[in-house]
Amino acid sequence: MLSLTGLTRRYGSLTALDSVSLRLAPGARHAVIGPNGAGKTTLLNLIAGTERPTHGSVVLDGRDLTRTAPARRARRGIARSFQQPSVIAELTVLDNVVLAGWRHRTAHTGGGAGARALFRTGVRRRQRAEAAHRQLAAVGLAGYADHPASSLSHGQRRLLDLAAALATRPRVLLLDEPAAGLTDRDVNRLLEVLGGLPDDVAMLLVEHHTEVVSELADTVTVLVDGRELVAGPVQTALNHQAVRDAYLGTGADAGAEPGGAP
Ligand SMILES: Nc1ncnc2c1ncn2[C@@H]1O[C@H](COP(=O)(O)OP(=O)(O)OP(=O)(O)O)[C@@H](O)[C@H]1O
């Protein structure tokens with residue numbers, strides 16, 4: 001479904017990502033790990049379209065999206081959570097999810113007052129609200145539907161952002177450090193939600209917490225200095241000696257958070 005070939009991104013003399021290839025089938029649960037500066041966010045940027053590769057291609061279902069704008073990629077089913085500011089503080093929690101789904105279907109990418117006014121008076125608002133309620137229930141925020149998004153805690157905002165991404169019914173879900181800064185309770189909720197993703201959705205997870213990776217991912221790519229060090233089944237990759245040396249530190253417990261994490 002998603003095919004990345006030879007993705008390379010240079011910033012001047014620095015090669016942030018060096019010829020990385022990856023294929024994600026529907027239902028894939030893939031994690032990308034690596035120390036700070038390894039190129040993980042750059043990889044997500046190249047897939048989402050907020051950055052263009054110096055070389056290489058991004059193909060979804062046979063369609064070359066390498067030069068396609070982020071909004072069009074989103075319409076093709078690539079959703080990203082946790083780095084883009086999709087939570088609008090002045091809207092209610094429910095309206096944030098309704099707006100995300102509505103924007104997606106209407107390809108409305110602007111977030112201005114005009115878009116919001118149109119959204120408030122739009123047709124089929126009730127159906128959209130019902131679907132949004134279901135998404136909120138899935139992330140444990142049903143009780144906050146009518147609260148302003150600004151009243152949510154950090155962890156709740158992240159879960160709301162995830163609900164908003166899921167409201168677009170993605171085919172590929174890109175997650176950028178979803179567990180960062182979450183309480184244990186919110187991490188558990190996150191694991192539940194992501195563990196229950198539809199079977200046809202492919203998930204690409206960038207995450208420092210190896211226990212979250214072990215829980216959610218079937219396969220892993222380990223990046224170091226922009227290059228793929230190891231790729232394969234999650235436990236094989238995490239226990240690979242080169243990974244333990246380069247990423248976790250020789251002799252470190254593979255379940256521990258890497259020393260390079262913020
Ligand atoms: N816009 C940019 N201009 C110049 N250099 C950049 C830019 N974006 C990223 N880099 C550099 O590219 C390298 C890879 O960065 P990237 O953010 O992809 O790493 P990362 O693995 O996500 O790191 P972290 O875990 O710290 O988020 C780093 O050396 C970074 O400083």
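Throughout, numbering of the chain's residues begins at 1 and tracks the sequence.
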*asked:* To check you understand the geometry: which heavy-atom pair defines the closest contact between A179 and V212, and what is its length?
replied: CB-CG2, 4.0 Å

*asked:* So if I apply the side-chain contact (heavy atoms from CB on, under 4.5 Å) rule between R227 and each of V222, D18, T15, which one comes out positive?
replied: D18

*Between R189 and A137, which heavy-atom pair has the shortest distance, and what is it?*
NH1-O, 4.3 Å

*Please answer whether the main-chain N or O of Q235 pairs with a side-chain N or O of N239 as donor and acceptor at a distance below 3.5 Å.*
yes

*With a cut-off of 6.0 Å (strictly less than), are more than 12 heavy atoms of other residues, nucleotides or ligands near CZ of R23?*
no

_Checking side-chain polar atoms at under 3.5 Å, does R80 have a donor or acceptor matched by the opposite partner on N45?_
yes

*side chain to side chain contact (heavy atoms under 4.5 Å, CB included) between V93 and L152: does it pass, once the steps are laid out?*
CA-CA 9 Å; V93 168; L152 296 183; 3.7 Å; yes

*For the side chain of T42 and the backbone of A16, is there at least one donor-acceptor N/O pair under 3.5 Å apart?*
no

*asked:* What I'd like to find out is whether the side chain of L175 reaches to under 4.5 Å of the side chain of L204, using heavy atoms alone.
replied: no

*Nearest-0.5 Å distance, CD of residue E177 to OG1 of residue T41*: 6.0 Å

*asked:* Please find the pair of heavy atoms, one from A31 and one from V213, that lie closest to each other, and give the distance.
replied: CB-CG1, 3.7 Å

*Distance, nearest 0.5 Å, that separates CD of E130 from CG of L94*: 10.5 Å

_Candidate list V230, L238, V206, test side-chain contact (heavy atoms from CB on, under 4.5 Å), partner I33, passing option_ = L238

_Within-4.5 Å side-chain heavy-atom neighbours: S150 and R157_ = yes

*State whether D218 and R29 are salt-bridged, where the test is any N-O pair (Lys NZ or Arg NE/NH1/NH2 against Asp/Glu carboxylate O) under 4.0 Å.*
no

*What is the distance from atom CG of D176 to atom CZ of R158, rounded to the nearest 0.5 Å?*
8.5 Å

*Is there a side-chain contact between L43 and L7, using heavy atoms and a 4.5 Å cut-off?*
yes

*Identify the heavy atoms of A165 and A79 that sit nearest to each other, and give their distance.*
O-CB, 4.1 Å

*If only atom types and distance count, is the side chain of Q156 paired as donor or acceptor with the main-chain N or O of S153 below 3.5 Å?*
yes

*Check: L136 and L160 side chains under 4.5 Å, non-hydrogen atoms*: yes

*V201 and P170: which non-hydrogen atoms are nearest, and at how many Å?*
CG2-O, 3.4 Å

_Within the structure provided, determine whether V20 and L4 are in side-chain contact (heavy-atom separation under 4.5 Å)._
no

*asked:* What verdict does the side chain to side chain contact (heavy atoms under 4.5 Å, CB included) test give for V224 and L229, after you've listed the backbone C-alpha separation in whole Å, the side-chain angles of each residue and the deciding distance to 0.1 Å?
replied: CA-CA 6 Å; V224 175; L229 180 69; 3.9 Å; yes

*Heavy atoms, side chains only, cut-off 4.5 Å: are V32 and L223 in contact?*
yes

_Donor-acceptor pair, side chain of S214 and main chain of T210, under 3.5 angstrom_ = yes

*Tell me, yes or no, whether the heavy-atom count around R67 atom CZ, taken from other residues, nucleotides or ligands under 6.0 Å, exceeds 12.*
yes

*Look at the side chain of K40 and the backbone N and O of L205, then say whether any donor-acceptor pair between them is shorter than 3.5 Å.*
no

*Polar side-chain atom of D64 near backbone of T66 as donor-acceptor pair, under 3.5 Å*: yes

*Which distance, rounded to the nearest 0.5 Å, do you find between the OG1 of T183 and the NE2 of H154?*
9.5 Å

*Atom CG of D95 and atom CD1 of I88: how far apart are they, to the nearest 0.5 Å?*
9.5 Å

*asked:* Using the rule given for side chain to side chain contact (heavy atoms under 4.5 Å, CB included), can you reason through L173 versus L166, listing the C-alpha separation, both sets of side-chain angles and the distance that settles it, and then say yes or no?
replied: CA-CA 8 Å; L173 180 62; L166 292 173; 4.1 Å; yes

_As an exercise, state the distance from CG of L46 to OG1 of T54, rounded to the nearest 0.5 Å._
8.0 Å

*L65 and V59: same hydrophobic cluster, using ILVMFWY side-chain contacts below 4.5 Å?*
no

*Does E207 use its side chain to pair, donor to acceptor, with the backbone of H209 at less than 3.5 Å?*
yes

*Backbone of T68 reached by a side-chain donor or acceptor of R73 within 3.5 Å*: yes

*Taking side chain as C-beta onward, heavy atoms only, is P26 less than 4.5 Å from M1?*
yes

_Under 3.5 Å, is there a donor on one side chain and an acceptor on the other for T221 and H30?_
yes

*Any donor and acceptor pair, going by atom type alone, linking the side chain of T5 with main-chain N or O of S57 inside 3.5 Å?*
no

*Does S19 offer a backbone N or O that forms a donor-acceptor pair with the side chain of S21 under 3.5 Å?*
no

_Run R171 and I78 through side chain to side chain contact (heavy atoms under 4.5 Å, CB included) and show every step you take._
CA-CA 6 Å; R171 307 199 54 225; I78 297 178; over 6 Å; no

*Does a side-chain heavy-atom distance below 4.5 Å link L162 with V193?*
yes

_Over all atoms of both residues, closest heavy-atom pair of A163 and V139_ = CB-CG2, 3.9 Å

